[in-house]
Amino acid sequence: MLTARIKQIKPSPTLAIDTKAKAMLAQGIDIVNFGIGEPDFDTPENIKEAAIKAIRDGFTRYTPVGGIPELKEAIVQKFKRDNSLAYKHEEIIVGCGGKHALYNLFQVLFEKGHEVIVPTPYWVSYPPMLQLADATPVIVPTPEANGFKLTPEVLKAHLTPRTKGLILNSPSNPTGSVYSREELAALAEVILAHKLLVVSDDIYEKILFDGQQFVNLAQLDPELKKLTFILNGVSKTYAMTGWRIGYLAGDATVIKAMTNLQSQSTSNPTSIAQKAAAEAISGPQDTVDRMVTEFAWRRDDILARLAKIPGVECVKPGGAFYVFPNFAHYYQKIKADKEGSYSDPLANYLLEEAHVALVAGIGFGEDKCIRFSYATSRERIATGLERIQGALDKLA
Ligand SMILES: *Cc1c(COP(=O)(O)O)cnc(C)c1O
């Protein structure tokens, strides 16, 4: 009964582990959950109040498909303030989450015969979303020694006459790696020479440590800005994953086509959530600072604990709330699964033996590693890492 199109799509692996962990929790098992890809903080009060006010004011009807002017204006001001980038309202679209905006972008930008470079490790949804647009994801391994970041040499080696675009995600999910201005500038030469369209997934822009300054490709040069589509949203920055508001900025023709697609599918994102997002983006930002300070503490703590486990190595993340340590040392002690993956059986072993939920690296295209989300309390991090240490000792 199902189409070939949908048969090639597997459920998101990050959601799969969450389902299994939740089932164990329901049986009363105490699970330390490092699987979740969302902040463990509550949505700030001022944002909730804006939504409640919207309901009370009767702001509960259809809105313009691509977002209310008030929210678009907040986004325009945000790009000006944070990124020194000038966009007009017609260059912005608001979607039902960043994921939705990205899906619509791929539908509008890519088609059969187009190759799109996806550096590994990648966010789990990029390849299936490209497949749903009939495009070919070109999975490009990146050097671990370079923090799993793409280099101009590696990029060049994978270009063909069919290469249409490139996806960049900094800070990265799952590695937390951050591209510096110099690294982006080096990639920019190749991008400009081949007129590649760039999807810049900036969703973790604000979750950045060690006093770093965020930079994306569009900021480097006006020509690059024309080729770049910036994805951002409120889910991660303001702990608003359930509200489903994301946005995308770029070429007006593309935004208009995305708006057409949206008008024939989902229509506008939720009216109430749009009001809340406008408050999130233009209201006080002190809750973001507090959250980032806490994430930075946890990053240092989890890195210190991982460093004590023999054979485990980990790239130091500069942002987001993930670490992506290399567990290959332990793979000789376990059996690969049918697909030849070791990270999946090891993550399963750690769930069953240590009652710790993690996401296997295979879902991100890097089987050597396993992803930890440290969007959980300091105490749970300590407990979880102790349990992992114990379970790995048993393997040895
Ligand atoms: C969470 C996430 C998104 C989008 O999240 P939404 O909740 O759909 O806005 C996009 N890219 C990456 C890398 C993410 O981790």
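Note that ligands are numbered from 1 as they come in the structure, with each ligand's atoms numbered from 1 the same way. Residue indices begin at 1 and follow the sequence shown.
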Practice prompt. Under 4.0 Å from a heavy atom of Gly97: give me the atoms of ligand 1 that qualify, with their elements.
Written response: 8 (O), 9 (O)
Worksheet entry | Atoms of ligand 1, numbered as shown, that sit under 4.0 Å from any heavy atom of Asn173 | 13 (C), 15 (O)
Worksheet entry | Atoms in ligand 1 flagged as close to Lys236, the criterion being non-hydrogen separation under 4.0 Å | 1 (C), 2 (C), 3 (C), 5 (O), 14 (C), 15 (O)
Item to complete: Answer side chain, backbone, both or neither: which part of His100 comes under 4.0 Å from ligand 1, heavy atoms only.
Response: neither
Discussion item. Closer than 3.5 angstrom, by distance alone: can the side chain of Asn216 be matched with the main-chain N or O of Gln219 as a donor-acceptor pair?
Written reply: yes
Practice prompt. Considering the heavy atoms of Ser235, write down every atom of ligand 1 situated less than 4.0 Å from one of them.
Written response: 6 (P), 7 (O), 9 (O)
Worksheet item: Among pairs that include at least one residue of residues 245-254, which meet side chain to side chain donor-acceptor pair (under 3.5 Å), considering only residues two or more places apart or in two chains?
Response: Asp251-Thr253
Worksheet entry | Asn169 N/O under 3.5 Å from ligand 1 N/O | no
Discussion item. Would Thr241 count as being in polar contact with ligand 1, using the rule that some N or O on each side must be under 3.5 angstrom apart?
Written reply: no
Worksheet entry | Check: Lys99 N/O within less than 3.5 Å of ligand 1 N/O | yes
Practice prompt. Evaluate the side-chain proximity of His355 to Asp30: yes if any heavy-atom separation is below 4.5 Å, no if none is.
Written response: no
Name each donor-acceptor pair under 3.5 Å that joins a side chain in residues 312-324 to protein atoms two or more places apart or in another chain, with its distance.
residue	atom	partner	partner atom	Å
Tyr322	OH	Tyr204	OH	2.6

Worksheet item: Which part of Glu38 is near ligand 1, with near meaning a heavy atom under 4.0 Å away: side chain, backbone, both or neither?
Response: neither
Worksheet item: Which option out of Gly95, Gly98, Ala320 puts a heavy atom nearest to atom 9 (O) of ligand 1?
Response: Gly98
Discussion item. Taking distance alone, with N or O pairs closer than 3.5 Å, would you say Tyr126 contacts ligand 1?
Written reply: no
Worksheet entry | Residue pair Ala86 / Lys225: nearest heavy atoms and the distance that separates them | O-NZ, 2.6 Å
